[in-house]
Amino acid sequence: MRAGMSWILVLEVYLAFPEFQRERVDEMGFGVTLRMEWMRADAPLTQALRSRWDAEATTFVLPWGYMIPNLEDVGRITGLRVYGRPVSGYTYPCYQRLARRLLDLSVVPRSSLISRLDLQESLGLFHTARGVAESVEEQLQRLVRGCQEVLAYELGVQADLDLRRFLILLFGRLLFATRGDPVHCQFLPLLEDLGEVVSYEWGAAFLADQFESLGSSDRQTVISGFYPFLQVWAYLHLPGLRRGTLERSGLVPIARRWVPCRDTHPLGDQLASLQDAIDLYPQIDVVWQPYLGEADEGQPWLELARPYFGRMVWIYSLNLVLPLHHYLTQRSLGLRQSAVEFSSHDRTPRPGRRFRGLHDTTDWCEWAKEQIQNWERRGKQVKSTATSDDTYLQAFALKYGARVYKGARRQVDVACEIASLRALLHSAVQDREVAQKEAKQLRAELERVRRALSGASSSKAAEISQSDLEDRLADAVRRAEEARAELVERETELRTAIDRAAQLQGRVDTVAEERDQLRIRAEAVESRVAEATRELATLRVQGSSVYQEELARLRADLHAQQTLAWGL
């Protein structure tokens, strides 16, 4: 509800702007997004996708491999620009003076937050709640009329104030929305020169914010930011979930074409159903490249963005400096998947998950200079030398195991557990064989060196060199032996786990048999109860008939006796 209301308020101010203000917003690259029809939020779909997010790899971990929203998705779905200068700059411990000068509004003392109500009222948004019998269209029309009474209709200082206030509302309540009621001023320094706003890649900053929001607490039911993006991304890549309806083909950006399907089931049931559907989703139905048949007509923002597509690059949103791990999702580029591992240190250190509250003045351009230079060089092209995806899929299954194929919400599938353990055991056996082979080679090398040095000079230097080399080789052999011993221990543990799993399977089978027997007995008891009920009903009918006959006979005898008595 809050996300949908924020969208309505932003859209209402944009519609109330005079023509010259809307042209300025369009030049900045936000007009295409703001001309989209209002879309209902699908919280269960968002939450189901969030449960699959791996914050370390910054990708979705799904049964068929990694998947990730990318810059092309942002450009085609939302229409936001994903090229230009990185959204980076200074952040300050307090924005009070800056907000007074650029917005003519007060900021919460010693903070970076501005009152949402003050910001909305400065744009003419009064009484924003929808009436009982009021539709969304009627609410929009009423709010537009209220804004038109406040907004400036000529270029000047007041028009600049209106535009900055609108952009802060757009950023703080829609594109980069945060939890809570106040609106953040972190992007305000970038709005001092309104002519420079067009030069920033706001779409890439939006994607960085989406990544950060997906990695936040699972207790949140929706992600922050422009929620239609992730919904339409799921409609395109996972059409089998049937959460969206394509009603307006050919419109751009693509989000304008889709309408969420209505689901009247409780939210908890919808979430459980979606999680199960993703667990069992057929890999053949996954759409890796949904834009193959898409042209670029009517989308000028894509032409300059193409050099950034399909590349490993860093994306920015002030203190958020995150890697776009495209090499983990090579199949989305039409390549065979060859990479599995990812670097856990590809994350720029920063004070916290998000910029909040008080801190020192920070120059993020200097903090992330190397990553910004990487963006300016347009990152690195993703290439693959793999001939098939088999090795990747096997390694992926071993790495994530039950997390991918069996969620915590399901009952334990013993057969899958045994299969997973056997795969791990096979891997451990292979590692042990490799370690044994390396140890054997090291022993042979040690013996060869000893024989080679046995006939050498007996000088002190040669003795020191030989002793040092022997110590190093002996240390290498010792490490190999330790690794082999560790692998043997691991193999033993896995074999024990398999035995326990087999025992558990036997117990499960026994319980299943007992359950079937109990079900048969219960059915027999139910049959007997039904038969006894029928017999009781029959007896009741028969008893009632006998009782009525006996009562009639007694009444007749009584009447005869009374008649005899009267005659006497």
Side-chain angles (χ1 to χ4, degrees), residues 6-7 9-11 13-36 71 74-75 78-92 95 98-105 112 114 119 122-123 151-152 154-178 183-210 225-226 253 299-305 308 315-320 355 363-365 372 375-376:
S6 297
W7 188 354
L9 296 180
V10 172
L11 180 61
V13 178
Y14 175 75
L15 295 176
F17 265 149
E19 186 63 28
F20 76 91
Q21 288 282 51
R22 285 202 295 270
E23 290 178 357
R24 297 173 76 183
V25 175
D26 293 349
E27 291 174 358
M28 294 175 181
F30 304 118
V32 176
T33 306
L34 293 170
R35 286 191 174 90
M36 292 169 49
L71 294 175
V74 175
T78 68
L80 292 172
R81 295 178 178 177
V82 294
Y83 60 89
R85 295 163 55 188
V87 178
S88 187
Y90 287 91
T91 54
Y92 303 98
Y95 287 75
L98 196 63
R100 174 61 66 183
R101 180 165 58 88
L102 298 181
L103 301 176
D104 195 22
L105 294 173
S112 56
I114 189 171
L119 180 60
S122 68
L123 293 167
L151 298 175
E154 293 181 358
L155 279 172
V157 176
Q158 186 60 42
D160 290 345
L161 283 176
D162 291 342
L163 184 55
R164 289 194 185 95
R165 291 168 179 171
F166 169 74
L167 292 175
I168 287 295
L169 182 68
L170 170 66
F171 294 157
R173 303 303 295 174
L174 191 59
L175 294 184
F176 309 98
T178 57
V183 180
H184 217 297
C185 291
Q186 58 180 339
F187 295 108
L188 188 55
L190 303 181
L191 305 181
E192 184 164 4
D193 186 352
L194 292 172
E196 293 294 320
V197 176
V198 66
S199 64
Y200 293 103
E201 37 80 20
W202 296 104
F206 164 76
L207 186 61
D209 188 79
Q210 289 281 292
F226 192 56
Q299 304 177 83
W301 59 88
L302 290 177
E303 182 178 354
L304 296 176
Y308 294 92
I315 50 180
Y316 310 84
S317 179
L318 290 181
N319 66 313
L320 298 181
F355 164 70
D363 182 2
W364 296 105
C365 293
I372 289 178
W375 171 266
E376 293 172 348

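In this chain, numbering begins with 1 at the start of the sequence shown. Below, all heavy atoms of this structure are taken into account, side chains as well, without hydrogens, waters or symmetry copies.
Residues satisfying the side chain to side chain contact (heavy atoms under 4.5 Å, CB included) test with Ser317, not counting sequence neighbours, are Phe176, Phe187, Ala205, Ala208, Leu320. Evaluation of the ring-ring contact (aromatic ring centres under 6.0 Å, His included) rule for Phe166 yields Phe17 as partners, not counting sequence neighbours. In this view, Gln158 and Asp162 satisfy the side-chain hydrogen bond (donor to acceptor under 3.5 Å, both in side chains) rule, not counting sequence neighbours. In this view, Glu19 and Arg22 satisfy the side-chain hydrogen bond (donor to acceptor under 3.5 Å, both in side chains) rule, not counting sequence neighbours. Evaluation of the salt bridge (Lys or Arg N to Asp or Glu O under 4.0 Å) rule for Arg24 yields Asp160 as partners, not counting sequence neighbours. Considering only residues two or more places apart in sequence or on other chains, Pro300 meets the side chain to side chain contact (heavy atoms under 4.5 Å, CB included) condition with none of them. Every residue was checked against the salt bridge (Lys or Arg N to Asp or Glu O under 4.0 Å) condition with Glu23, not counting sequence neighbours, and none meets it. With sequence neighbours left out, Glu192 forms a salt bridge (Lys or Arg N to Asp or Glu O under 4.0 Å) with Arg101. By the side-chain hydrogen bond (donor to acceptor under 3.5 Å, both in side chains) test, Gln299 is found to be paired with no residue, residues two or more places apart in sequence or in another chain being considered. With sequence neighbours left out, the side chain to side chain contact (heavy atoms under 4.5 Å, CB included) criterion links Leu15 to Leu11, Val144. Scanning for side-chain hydrogen bond (donor to acceptor under 3.5 Å, both in side chains) contacts around Asp26 gives Tyr14, Arg35, with sequence neighbours left out. Tyr308 meets the ring-ring contact (aromatic ring centres under 6.0 Å, His included) test with Trp375; sequence neighbours excluded.
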Could you please spell out the steps behind the side-chain contact (heavy atoms from CB on, under 4.5 Å) verdict for Ser88 and Ile372? CA-CA 9 Å; Ser88 187; Ile372 289 178; 3.9 Å; yes
Show your reasoning for whether side-chain contact (heavy atoms from CB on, under 4.5 Å) applies to Leu194 and Met28. CA-CA 9 Å; Leu194 292 172; Met28 294 175 181; 4.3 Å; yes
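Residues Trp301 and Tyr83 keep their aromatic ring centres 6.0 Å or farther apart.
Ring geometry, Tyr95 versus Tyr92: the interplanar angle exceeds 60°, so the pair is classed perpendicular (tilted spans 30 to 60°).
The structure places SG of Cys185 at 8.0 Å from CG of Leu98, a figure rounded to the nearest 0.5 Å. Ile315 CD1 to Leu207 CG: the interatomic distance, rounded to the nearest 0.5 Å, is 4.0 Å. Here the CG-CG distance, from Leu151 to Leu163, works out to 10.5 Å after rounding to the nearest 0.5 Å. Between Asp209 atom CG and Phe226 atom CZ the span is 13.5 Å, to the nearest 0.5 Å. Atom CD1 of Ile114 and atom CG of Leu119 lie 5.5 Å apart (nearest 0.5 Å). For the atom pair CG (Leu188) and CZ (Arg164), the distance works out to 8.0 Å, reported to the nearest 0.5 Å.
Surrounding CD of Glu303 are at most 12 heavy atoms belonging to other residues, nucleotides or ligands under 6.0 Å away. The neighbour count for Phe20 CZ, taken as heavy atoms of other residues, nucleotides or ligands under 6.0 Å away, is above 12.
When each of Leu34, Thr33, Val32 is paired with Phe30, the side-chain contact (heavy atoms from CB on, under 4.5 Å) condition holds for Leu34 and for no other.
Minimum interatomic distance between Ser6 and Arg173 (heavy atoms only, all atoms of both residues): CB-O, 3.1 Å. Scanning both residues, Gly195 and Val198, for their nearest heavy atoms gives O-CG1, 3.6 Å. Nearest heavy-atom pair, Leu123 versus Arg165, reported as atom, atom and distance to 0.1 Å: CD2-CB, 3.8 Å. Residue Arg85 comes nearest to Tyr200 through the heavy atom pair NH2-OH, 3.1 Å, listed as atom of the first residue, atom of the second, then distance. Nearest heavy-atom pair, Leu102 versus Leu161, reported as atom, atom and distance to 0.1 Å: O-CD2, 3.1 Å. Shortest non-hydrogen contact noted between His184 and Ile168 is O-CG2, 4.1 Å.
Looking only at distances, a side-chain donor or acceptor of Gln21 sits under 3.5 Å from a matching main-chain atom of Ala159. Under the 3.5 Å distance criterion, the side-chain polar atoms of Trp202 are matched with a main-chain donor or acceptor of Val197.
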